[in-house]
Novice: 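Sharing a structure, written as structure tokens. Questions coming.
Every chain is numbered from 1, with letters handed out A, B, ... down the list of sequences.
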There are 2 protein chains.
Amino acid sequence: MDEIVRFNKESEEFYIPLSFRGKETFKQSSGVILAGDIGGTKTNLALFHFEENTLKPIKKESFKTNDWSSFLELMATFHSKDLPVIDSICLGVAGPVIDGKVLGTNFSWELDEKKIANALKVERVSIINDMEANAYGLSVLAKKDLVEIKDGTWNRGNAAMISPGTGLGEVGLYWDGTHYHPFASEGGHCDFSQRTELDLRLWRFLQKKYGHVSWERIVSGPGIVNIYEFLLEDKKVAEPESLKNKLNGGDPAAAISKCAMDESFEICKEAMQLFNIYLATEAAQMALKFKALGGIFIGGGILPKIIDMVDKDLFLHHFIQSDKMNTLLEKIPVNVIMNDESPLFGAAFGAARNLPKK
Amino acid sequence: MDEIVRFNKESEEFYIPLSFRGKETFKQSSGVILAGDIGGTKTNLALFHFEENTLKPIKKESFKTNDWSSFLELMATFHSKDLPVIDSICLGVAGPVIDGKVLGTNFSWELDEKKIANALKVERVSIINDMEANAYGLSVLAKKDLVEIKDGTWNRGNAAMISPGTGLGEVGLYWDGTHYHPFASEGGHCDFSQRTELDLRLWRFLQKKYGHVSWERIVSGPGIVNIYEFLLEDKKVAEPESLKNKLNGGDPAAAISKCAMDESFEICKEAMQLFNIYLATEAAQMALKFKALGGIFIGGGILPKIIDMVDKDLFLHHFIQSDKMNTLLEKIPVNVIMNDESPLFGAAFGAARNLPKK
């Protein structure tokens, strides 16, 4: 691992001026940083030397979250004695962070800034929402890291990010006139809204299963499986035996999208089209709620893998469907983030923000 | 008119620390201010002496917007020669403000900062969205101006405001750790989301009428009428002749809520109950999208008039209905703003923000 990551500059092709809680430059900061991107499936940890707006990697490793009973247990393995002393830690965690504490939304870790600081003897520990780390990660992206799926012009105004993965992460970016301030959102847990009779039947199917139907039940990896299972029932179609085995394997959502790509089973293709439609619909809800004239960014691990399959016309058609705000929605660019390490780098800049001045 | 209004202070019972685009105190400002709250139905204008965080009224008047063909025509009547010269103007207008210009959403006035500045010979003129003025108005409220309809504790975090009126206004308040920054939202135009089979039938009824069903079609004055008309059709009930006449009068939503209060026609009562349920549902969507731990405020002209009829248990039940975020929603206080002049005072502080230093 030898890649060096820099904080983006106004002179670069893609530039989204981020504010890290009032800190807009890191020129005077240096030190050793631990960054974490902690989700229900995967935990990425990285140790960096930070200097002059630049992250120089020391050690980086990916873990299966559920193989460990706590973050501190994992740290005992990751941070061996030969590694340098850590000056600042920032962890992006998939869960609602309140007063420096969080309980993972789809995993059982409890994290607490103070307890981690005491246990690891590191003064500066900050826990942020994983989606906030996602947003901070925009600060390291280049144009090559983005694929535009709806065009638009960058306008002075808020932005937002939507990340389908194990769950559905969302984050807002407040525009103060010169910089963006990321803020946590739990919008993935908002109620699903229907536009067609098919949508109504999907809602009924999921309501029976879950009681309450949030966007996360549909626009996520498990959501792809939900849509697929609904279509099987709705169309009274039997699942091919060959697919059944693949679905019982490790990642049924990946199996469905792979099958949609090779077009071996029509239902899989339809499921992925519906996933695209619902992603567009919820992205539009965010665009309206946040008045996101600065654009919508799609993060998470799913879209980069299926990017060749995304029907841009279908996305566009379902993104621009409001009663009075189509002119607003037309202006808004939508881009997919192809760099899946950006949340980790985002957390790293979150840690850099707390470094003392040189 | 002799009431004096002060910018609220941390020592007071209710305190929401607002940032007026980076301005958090007005101690050094003084001058004569014109504030306006301009909507499709009503225009409130007020002239104040401003000094030491305090608004001292000179003249205040309410007009029917449609009685005048333009703001400048109205001003020729309002601002007579015996009144002092104006130093700063701020107008909160119901419409999308772009580059200092706005066309009213439900009325035909066009307002332009530069044209107003030239015509009135006032250097400092700013036009803001009416919902932004609503949010600024939080800075003058006292505890007596609020009615709590769901309890909770004030937590460090974003807040949001939802104002059912002619349309459905929404505004977010970004919390930077010490102050709130209001930002425009078009969330009232988000898709309606259903939770019951009755909701589905309401959706079908409105889809037939409008093509697209936004929250504004339901959680607003015209929305009350929509819900009522849906219930008549859904329950196959004939409308009493006496009510028919009242509904053909000036304000059918007011007639329905009045009828619900005296319980003369069951459908009106049910319509108002559904309005309450849908308000709670959409307030919860905002709470989740904005992660509004700082609270939800309900503005607009409807709630203060029906406050005695609001079933708090019903509101609570429908506010706390998510898949995984009930713990978050439980924490969030929801308050109705009973002072319908707060947007006018909000605009006044918007004008004070632009006063030169003493």
Novice: What residue in B:R21, B:E197, B:E170, B:R156 has the most heavy-atom pairs under 4.5 Å with chain A?
Specialist: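 Most heavy-atom pairs under 4.5 Å with chain A: B:E197.
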Novice: Heavy atoms only, distances under 4.5 angstrom: which of B:Y210, B:W203, B:W175 has the most pairs with chain A? Name it, please.
Specialist: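 The residue among B:Y210, B:W203, B:W175 with the greatest pair count is B:W203.
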Novice: Among A:G177, A:A184, A:P96, which residue has the highest count of heavy-atom pairs closer than 4.5 Å to chain B?
Specialist: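 Of the candidates given, the most pairs with chain B belong to A:A184.
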Novice: A:R124 versus A:P356: any side-chain heavy-atom pair under 4.5 Å?
Specialist: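 They are in side-chain contact.
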Novice: Is any side-chain N of the basic residue among A:K324 and B:E186 closer than 4.0 Å to the acidic one's carboxylate O?
Specialist: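 No salt bridge links A:K324 with B:E186.
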Novice: With a 4.5 angstrom heavy-atom cut-off, is it the side chain or the backbone of A:S19 that approaches chain B, or both, or neither?
Specialist: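 For A:S19, no heavy atom lies under 4.5 Å from chain B.
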Novice: Which one of A:C190, A:A292, A:S214 has the most heavy-atom pairs closer than 4.5 Å to chain B?
Specialist: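 Most heavy-atom pairs within the cutoff with chain B belong to A:C190.
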Novice: Mind checking whether B:Y180 and B:Y174 have ring centres under 6.0 Å apart?
Specialist: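 Ring centres of B:Y174 and B:Y180 not closer than 6.0 Å.
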Novice: Tell me, for A:F290 versus chain B, whether the close heavy atoms (under 4.5 Å) come from the side chain, the backbone, both or neither.
Specialist: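 Contact with chain B involves both backbone and side-chain atoms of A:F290.
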Novice: Check whether B:N158 gets within reach of chain A through its side chain, its backbone, both or neither, counting any heavy atom under 4.5 Å.
Specialist: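 Contact with chain A: side chain only.
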Novice: Heavy-atom cut-off 4.5 Å, strictly under: side chain, backbone, both or neither for A:T327 against chain B?
Specialist: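 For A:T327, there is no contact with chain B at all, as no heavy atom is under 4.5 Å.
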Novice: Name each donor-acceptor pair under 3.5 Å that joins a side chain in residues 278-288 of chain B to protein atoms two or more places apart or in another chain, with its distance.
Specialist:
unit_1: B:Y278; atom_1: OH; unit_2: B:D199; atom_2: OD1; d: 2.6
unit_1: B:T281; atom_1: OG1; unit_2: B:I277; atom_2: O; d: 2.7
unit_1: B:E282; atom_1: OE1; unit_2: B:W215; atom_2: NE1; d: 3.2
unit_1: B:E282; atom_1: OE2; unit_2: A:K289; atom_2: NZ; d: 2.6
unit_1: B:Q285; atom_1: OE1; unit_2: A:D191; atom_2: N; d: 2.9
unit_1: B:Q285; atom_1: NE2; unit_2: A:D191; atom_2: OD1; d: 2.7
unit_1: B:Q285; atom_1: NE2; unit_2: B:T281; atom_2: O; d: 3.2

Novice: Would you say B:H212 and A:D323 are linked by a side-chain donor-acceptor pair, where the criterion is simply a distance under 3.5 Å?
Specialist: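 Their side chains do not contain a donor-acceptor pair, so the 3.5 Å distance test is not met.
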Novice: Are the aromatic rings of B:Y136 and B:F20 close, with centres under 6.0 Å apart?
Specialist: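 For B:Y136 and B:F20, the ring centres are under 6.0 Å apart.
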Novice: May I ask you to name which of A:Q207, A:K291, A:R204, A:H189 has the most heavy-atom pairs under 4.5 Å with chain B?
Specialist: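 Answer, by heavy-atom pair count under 4.5 Å with chain B: A:H189.
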Novice: May I ask you to say whether B:K209 pairs ionically with B:E229, meaning some side-chain N is under 4.0 Å from a carboxylate O?
Specialist: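 Between B:E229 and B:K209 there is a salt bridge, with a charged N closer than 4.0 Å to a carboxylate O.
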Novice: Counting only non-hydrogen atoms closer than 4.5 Å, does B:T178 touch chain A with its backbone (N, CA, C, O), its side chain (CB onward), both, or neither?
Specialist: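 For B:T178, neither part sits under 4.5 Å from chain A.
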